[in-house]
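If you're wondering where the values come from, they're calculated on a predicted model, not measured in any experiment. Each ligand, and each atom within it, is numbered from 1 in the order the structure gives.
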Amino acid sequence: MKIDIIAGARPNFMKVAPIIDAIETHSLSMPGLSYRLIHTGQHYDKAMSENFFKQLSIPAPHINLECGGGTQAEQTANIMVAFEKELIQNPADLVLVVGDVTSTMACSIVAKKQFIKVAHVEAGIRSFDLSMPEEINRMVTDTLADYFFTTSARANENLMKSGIGSERIFFVGNTMIDTLLKNLTRLKAPKEWDILHLHSKKYFIVTLHRPANVDEEAKLRYLIEEIVNNSDSLPVIFPVHPRTAKIIQAIGINAPNLHLIAPLDYLEFNYLVSESLGVITDSGGVTEETTVLDIPCLTLRDNTERPETVELGSNELIGTDGTNIKPALRKILDGKWKKSSVPELWDGKTSERIVEILYNISRRNLLQ
Ligand code: UDP
C-alpha cells in the first residue's frame with residue numbers, strides 16, 4: 001500500500017515524525033507498506049519547518065508543493081491544485097493527514113475526489129467553535145475520512161455521534177506525545193537560557209497565535225500586560241509565532257521582565273517548557289505536552305477540543321478576556337496548581353499502533 005503522508009505546518013511535523021519512523025522500522029516485517037512524504041509548503045521558513053526536519057530526523061520530503069502564503073482560501077486552493085496534479089501523476093492507495101491545519105483539509109478533499117482512501121490522525125476532536133479555522137478543517141476532514149485514528153475516548157464519541165461506524169475508528173493515543181517521550185532525554189537549553197540568566201521554575205513561557213488573541217492590538221496588549229504585571233517580576237519568555245510578530249511590533253510593548261524571542265526549535269522549546277514554572281498559551285499541542293510534562297498551563301481560550309488536558313492534565317481554560325490571568329498566575333506562584341495525570345494510551349507507542357493497523361488494512365484490501 002502506497003501511502004502519501006501530508007505535512008504542512010509546524011504542529012504537523014512532530015505528528016508525522018514517529019509515524020514515518022515506525023513505517024521505516026517495520027519495512028521488513030510489513031512488506032508492501034511504503035510512503036511518500038508530501039510537504040505542502042504551508043509553513044516554509046527555517047524556524048517553522050526545516051529545523052524540525054533536522055532535529056526530529058524526518059527524512060527530506062519526496063515532494064514539496066511550495067504552497068506557502070496567501071489567505072486561507074488561496075492557500076487551500078493552491079494546495080488542492082498542486083496536490084491534485086501530483087496525485088494524478090503518482091496515485092497513492094491512501095492519503096494520511098494529521099491534525100487540523102489547512103493542508104489537512106485541502107489534501108483530504110483532493111484525495112477523496114480521486115477515490116483515494118483518507119486516514120486522519122487526531123480525528124474526532126471538537127471545540128464546537130466555528131470561529132476557529134481549525135474546527136472547520138477538522139469537520140471537513142472527518143466528513144471525508146475513511147479511517148480515524150483518535151487520541152481520546154471523547155474523540156471516539158464525537159465521531160460515533162456523527163454517524164461513523166466504530167469499525168473505522170481506532171483509539172490509538174497521541175503521536176505528538178510519541179515525539180515528546182522519544183526526545184525527553186535530548187531536550188536542550190536554548191541560548192536564551194544563559195543570555196537571560198534563567199533558572200529552573202523561575203520563569204513563565206507564553207505562546208499566542210490564535211486570531212481571537214492576537215489580531216486586535218488593544219486586546220493583545222492587555223493580555224501581555226496582565227501576564228507580565230502578575231508574574232511576581234519573574235521573566236516571561238515569549239517565542240513569537242510569525243502570525244503574531246507583526247502586531248507585536250506594532251504594539252511596541254516593553255516591560256523589564258518580558259522577553260520576546262524568535263520561535264524556538266523543538267528540543268529547545270520543550271526544554272524551556274519542562275523547566276518553567278508555568279505556560280500561558282493558546283496552542284492545542286502545547287496543552288498536550290504540558291499535560292504529559294506536568295507543567296501548569298493556562299489556556300487563553302473559552303473552549304478546547306482537548307478536554308482531557310483540563311480534566312486529567314495540568315491545563316485550565318481561563319478565557320480570552322484576560323480577567324482570569326491574575327488569579328491563575330497567583331495560584332501557580334503559590335504552588336497551588338493541580339497535579340497532572342497522563343491520558344490513556346499517551347504512552348509513546350501510538351505510531352506503532354497506527355502502522356500496524358495500516359498494515360492490516362492493506363492486507364485486508366489485498367484479499368478483497
Ligand atoms: N513549538 C516549538 N517552538 C515554539 C513553539 C511551539 O517547537 O517556539 C512546538 C510545540 O512544542 C508543539 C508545537 O510546536 O509541539 C505546537 O505548534 P503550534 O502551537 O504552532 O500549533 P497548535 O498546536 O496550536 O496547532
Side-chain angles (χ1 to χ4, degrees), residues 7-18 42-56 58 97-105 121-122 125 127 129 132-138 141 151 174-184 186-193 204-214 236-245 248 259-276 279-293 295 297 299-301 303-306 309 313 315 317 320 346:
R10 178 169 72 182
N12 288 168
F13 305 132
M14 43 296 273
K15 292 172 194 169
V16 300
Q42 188 183 333
H43 276 166
Y44 48 86
D45 65 34
K46 213 165 164 279
M48 297 298 282
S49 173
E50 192 186 319
N51 292 352
F52 292 91
F53 279 75
K54 278 197 196 129
Q55 277 204 333
L56 302 177
I58 307 172
V97 295
V98 298
D100 53 22
V101 301
T102 306
S103 306
T104 312
M105 174 185 71
V121 173
E122 203 185 271
I125 60 174
S127 65
D129 176 359
M132 290 179 67
E134 293 87 351
E135 183 69 2
I136 298 173
N137 297 339
R138 288 180 201 119
T141 304
T151 50
N174 193 323
T175 62
M176 193 174 227
I177 300 307
D178 285 3
T179 295
L180 182 66
L181 295 179
K182 184 174 173 197
N183 287 288
L184 272 186
R186 296 179 64 223
L187 301 183
K188 54 182 184 184
K191 61 180 186 313
E192 285 80 5
W193 186 267
F204 290 100
I205 310 251
V206 175
T207 81
L208 295 174
H209 66 276
R210 303 261 168 248
N213 290 325
V214 306
V236 172
I237 318 298
F238 187 166
V240 182
H241 191 283
R243 192 168 194 290
T244 317
I248 287 257
H259 304 283
L260 301 172
I261 63 174
L264 290 166
D265 292 348
Y266 182 83
L267 299 176
E268 286 81 354
F269 179 74
N270 280 292
Y271 180 90
L272 272 199
V273 168
S274 64
E275 293 295 326
S276 72
V279 174
I280 302 109
T281 191
D282 57 13
S283 156
V286 172
T287 65
E288 296 180 339
E289 291 162 344
T290 48
T291 282
V292 171
L293 295 168
I295 299 295
C297 180
T299 295
L300 293 183
R301 287 178 48 190
N303 49 55
T304 176
E305 60 289 337
R306 295 163 162 93
T309 64
N315 182 25
L317 287 178
T320 59
W346 292 20

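- Two residues are said to be in side-chain contact when any heavy atoms from C-beta on lie closer than 4.5 Å; Arg138 and Met105 fail this criterion.
- Remark: the Thr151 side chain and the Asn174 side chain contain no N/O donor-acceptor pair separated by less than 3.5 Å.
- Between Tyr266 and Phe52, the two ring planes are perpendicular [angle over 60°; tilted spans 30° to 60°].
- Every residue was checked against the salt bridge (charged side-chain N to carboxylate O under 4.0 Å, His left out) condition with Arg186, not counting sequence neighbours, and none meets it.
- Under a 4.0 angstrom heavy-atom cut-off, His209 registers as being in contact with ligand 1.
- Shown in contact with Phe52 at under 4.0 Å from a heavy atom are these atoms of ligand 1, numbered in order with element: 7 (O).
- Remark: distances from the non-hydrogen atoms of Glu288 to ligand 1 are all 4.0 Å or more.
- The neighbour count for Phe53 CZ, taken as heavy atoms of other residues, nucleotides or ligands under 6.0 Å away, is above 12.
- For ligand 1, the atoms lying closer than 4.0 Å to a non-hydrogen atom of Asn270 are 11 (O).
- Residue Val101 does not touch ligand 1, judged by heavy-atom distances below 4.0 Å.
- Of all atoms in ligand 1, numbered sequentially from 1 with element shown, those under 4.0 Å from a heavy atom of Pro239 are 8 (O).
- Here is the list of ligand 1 atoms found below 4.0 Å of a heavy atom in Pro11: 17 (O), 20 (O), 21 (O), 25 (O).
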